[in-house]
Amino acid sequence: MTKRRKLFTWLGLFLSLPAAGYAGVSFIFYSWLSAAEPERWPPERAGVWAFGALALAIIFLGLFVYCIVCLIREANRRYRESQKTT
């Protein structure tokens, strides 16, 4: 793994979890707005915002899992290489 890819993987790991949390909270908030104030937030409008936020939450959680898997694979590869040399 190149130094640049490793940097982006760590950056993705640290930024994706808060972004997924924010998107998840936004999903709950927009769903709540639709139920609390249906005259200001009709279901069609709130639905677009809520499920857009849900899609972002799923994407960022997927990115988080991808970054963890990449870093674990790299650590395992380095460990196997160090075991071969000793």
Side-chain angles (χ1 to χ4, degrees):
M1 181 180 284
T2 64
K3 196 172 196 177
R4 185 175 182 173
R5 183 173 177 192
K6 192 173 189 178
L7 174 71
F8 282 126
T9 305
W10 278 105
L11 187 64
L13 181 71
F14 286 121
L15 294 179
S16 63
L17 194 58
Y22 175 76
V25 169
S26 295
F27 169 71
I28 293 168
F29 176 71
Y30 291 129
S31 299
W32 173 79
L33 270 181
S34 177
E37 299 178 3
E39 63 280 350
R40 287 185 53 194
W41 277 81
E44 299 83 24
R45 183 178 175 195
V48 171
W49 282 88
F51 288 108
L54 180 63
L56 285 175
I58 291 169
I59 289 169
F60 282 117
L61 280 175
L63 177 64
F64 180 76
V65 170
Y66 172 76
C67 291
I68 286 177
V69 168
C70 285
L71 291 170
I72 289 173
R73 282 184 182 171
E74 177 65 17
N76 284 338
R77 185 187 65 78
R78 283 184 158 184
Y79 177 75
R80 279 186 259 120
E81 285 178 0
S82 70
Q83 292 298 316
K84 286 180 184 178
T85 59
T86 57

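Because only heavy atoms are used, hydrogens play no part in the values below, and waters and symmetry mates are left out as well, while side chains stay in.
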Would [X] and [Y] show up in the same hydrophobic cluster when neighbours are defined by side-chain heavy atoms closer than 4.5 Å?
X     : Y     : value
Val48 : Leu54 : no
Phe51 : Ile28 : yes
Val65 : Ile72 : no
Ile68 : Phe14 : yes
Leu71 : Tyr79 : no

### Query
Can you list the steps and then say if Thr85 with Glu81 is a side-chain contact (heavy atoms from CB on, under 4.5 Å)?
CA-CA 7 Å; Thr85 59; Glu81 285 178 0; 5.8 Å; no
### Query
Taking atom CD of Glu37 and atom CH2 of Trp32, what is their separation to the nearest 0.5 Å?
6.0 Å
### Query
CZ of Phe8 to OG1 of Thr2: how many Å apart, nearest 0.5 Å?
9.5 Å
Please find the pair of heavy atoms, one from [X] and one from [Y], that lie closest to each other, and give the distance.
X     : Y     : result
Lys6  : Arg78 : NZ-NH1, 3.3 Å
Ala46 : Ser34 : CB-CB, 3.3 Å
Ala23 : Ala57 : CB-N, 3.5 Å

### Query
Among Leu17, Thr9, Leu15, which one satisfies side chain to side chain contact (heavy atoms under 4.5 Å, CB included) with Cys67?
Thr9
#### Entry: Pairs flagged by side-chain hydrogen bond (donor to acceptor under 3.5 Å, both in side chains) wherever residues 53-69 is involved - sequence neighbours left out
Arg5-Tyr66
### SB check Arg77 Glu74 (cutoff 4.0 Å)
yes
### Query
What's the verdict on side-chain contact (heavy atoms from CB on, under 4.5 Å) for Phe27 and Trp49, showing C-alpha distance, side-chain angles and the deciding distance?
CA-CA 7 Å; Phe27 169 71; Trp49 282 88; over 6 Å; no
